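Notes for the one structure printed next.
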Amino acid sequence: MSFCSHCLRCLVLFVLSSSALAAAPQGVVAVSHPAAAAAGARMLAQGGNAIDAAAAVQFALNVVEPQSSGIGGGGFMLIHLAKTGQTVIVDSREQAPAAARADMFAPDGLPMPFLLASTSGLAVGVPGTLRGVDTALRRWGTMKLAVTMAPAIELAERGFRVNRFMAEDIAHDGGRTQLQPETAATFRPDGVPLVEGDWLVQRDLAKTLKLIAAKGPNVFYRGPMARAIVKAQQRTRDEMGTAGKGRMTLADLANYQVAIRKPLMGHYRGWTLAGMPPPSSGGLTTVQMLNLLERFPLGDTKQGYGFGSPKTLHVMIEAMRLAFADRAVWIGDDDAVPVPQTGLLHPDYLATRSALINPDSRMVTPQAGNPLPWDSSITAKPKATRTHQESPHTTHFSIVDRWGNVVSYTSTIETTWGSGITVPGYGFLLNNELTDFNFMPTVDVAAGNPGANDVAPAKRPRSSMAPTLLLKDGKPVAAFGSPGGATIINSVFNVTLNLIDHGMTLQQAINAPRLSVTHAAGQVSCEGGAPFMQPAFSVATQDALRTLGHIGLGEMGTEGCEQKIGSVQAVVMDLATGTYNGAADPRREGTVIWVKPAVALPNWPL
Ligand code: GLY
């Protein structure tokens, strides 16, 4: 494996000074699992484009990383089309059933305990991944659905070796692989948890994938499989009784709608980011944080900034606190409750927010701002709302093909193992995405709270997923994203600063230690740089942050960066050399594969 040795600034300088491209670029896939990366590479080698490869990766991930994503979940596929220069997003986010109600997670006026709610059928949203992948293939792919499913079917039928990461996720599952018999039978056969190196065959899943390959996606959304899904999500936990029963019906499945969206466009120091608009907070919150910091010379070590300096980390924390305060109030599914996107990104609004950041002292807990004076379409007034626990899991992969089409795709079943409910006889896990909604209704017309993320029929829960494309002068130069619940946004934010302000290569930007805050109150979490388990920021740096009053890092003089935050998989369009490159995160089994046109790859596994 080797990685791009150029920083983005060098690449762009070359692009601006030369129009000549060298040899025909190879396609590249960067994925969190080698077998899924091989599935995507196989499509590219067979002449497929990035969309075909993305379909194959997603199906393969359903087999080899089933705890993170799959046909029982949803996701956002950002696609850049080389021919037209257009960027589109296929939104296959789960939808709430028609019978969902704002108080369904608080039937007695109190929020349900998260673990109970998230392991009951009530949390299951109508899955969108299969419709989304099929839609993308039909509109922009070149291969048939069945062709892209072949590697996944082989992996499910023949099996593969359980890697360290899946073994750890089984061992530390919070009970999620133990609660339902079908899930336990697959991942804890005879009551014994699978460990690294075990061989895992998934016959039910293979049968399901074959059925879909033969008959198309409708076989999932209608008929016996749909009936099995509806029945499975009626499972609940004893403690919850009927309150925990899922509300999805056959009609909800039959009516599931993929949305094709325009990306949210943001600008930072002369670069353009194409990111995920609502129902995700990913794009808006990332761009807000970047713009809040534009007035600070983050790359300038002479002024006390530079990568990892206490001053840089301090202003990053403050920007995160401000942006997450806005996110808690204003961002949800824009199809259901209007989101003041124009106001939230207006330079004058952001200037008022950025003025709250003092480089020498920590602010008191900020409230959400009021972007409405900069957004004429919306009339409510803000009032802060609570946010609830979010999960640290999901998956991201990035692909570029030889023609320059790019896919940046974040996909999820919400928490690791989703609801923990495997559809009996069909072998795939159902999501618990509806726990991304507010557990208690927050709408308050008098106080001007829009209830942006309250549960409602057919609504999509607010996401943090942030598949991102970085462009310069209209040309894509890098695609990246991460898993990690709300920390996704901060992983993308950290990597973007590393690339633009700190001049790192893509691999350095991914390997560097990261820091995250997901609430206005400002609890800081941080993780080591790769190779994983190395200290993140020095104890002296952490002490400097503690002295400023930042919380979450533990006692003075101790190592407080022990969290796991993200797993960034990325590709970079290296126009300087006429090649494309990739970089993967060593924090999971991130894998990059380069594919020369017309060179066949072996099947996986051999
Ligand atoms: N399930 C993670 C997210 O949507 O943010």
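Just follow the structure's listing: the first ligand is 1, and inside any ligand the first atom is 1. Please read all numbers here as calculations on a predicted model, not as lab measurements.
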Notebook entry, point to check: Quick one: which ligand 1 atoms are inside 4.0 Å of a heavy atom on Ser463?
Noted result: 3 (C), 4 (O), 5 (O)
Notebook entry, point to check: Which atoms from ligand 1 have a heavy atom of Thr412 less than 4.0 Å away?
Noted result: 1 (N)
Checklist line | Reported CZ-to-OG distance for the pair Phe439 and Ser118, which is rounded to 0.5 angstrom | finding: 7.0 Å
Margin query: Is the distance from the ring center of Phe428 to that of Phe220 below 6.0 Å?
Written below: yes
Next item on the list: Under the salt bridge (charged side-chain N to carboxylate O under 4.0 Å, His left out) rule, collect the residues that match up with Asp334, sequence neighbours excluded.
Entry: none
Check: Which one holds for Arg93 and ligand 1: side chain close, backbone close, both close, or neither close, with close meaning a heavy atom under 4.0 Å?
Finding: side chain
Notebook entry, point to check: So is there a nitrogen or oxygen of Glu433 less than 3.5 Å from a nitrogen or oxygen in ligand 1?
Noted result: yes
Check: Which atoms from ligand 1 have a heavy atom of Glu414 less than 4.0 Å away?
Finding: 1 (N), 2 (C)
Note to self: Arg460 and side chain to side chain donor-acceptor pair (under 3.5 Å): which single residue from Asp335, Asp333, Asp91 fits?
What the structure shows: Asp91
Item checked: Shortest non-hydrogen contact from Pro279 toward Arg261 -> CD-NE, 3.6 Å
Next item on the list: Pull out every atom of ligand 1 sitting under 4.0 Å from any heavy atom of Asp436, numbered as shown with elements.
Entry: 1 (N), 2 (C), 3 (C), 4 (O), 5 (O)
Note to self: As an exercise, identify every atom of ligand 1 less than 4.0 angstrom from a heavy atom of Met465.
What the structure shows: 3 (C), 4 (O), 5 (O)
Next item on the list: Hey, could you give me each pair passing salt bridge (charged side-chain N to carboxylate O under 4.0 Å, His left out) that has a residue in residues 510-520? Not counting sequence neighbours.
Entry: Arg514-Glu527, Arg514-Asp585
Checklist line | Atoms in ligand 1 with a heavy atom of Thr394 nearer than 4.0 Å | finding: 1 (N), 2 (C)
Next item on the list: For Ser464, take its heavy atoms, then give the atoms of ligand 1 lying under 4.0 Å from any of them.
Entry: 3 (C), 4 (O), 5 (O)
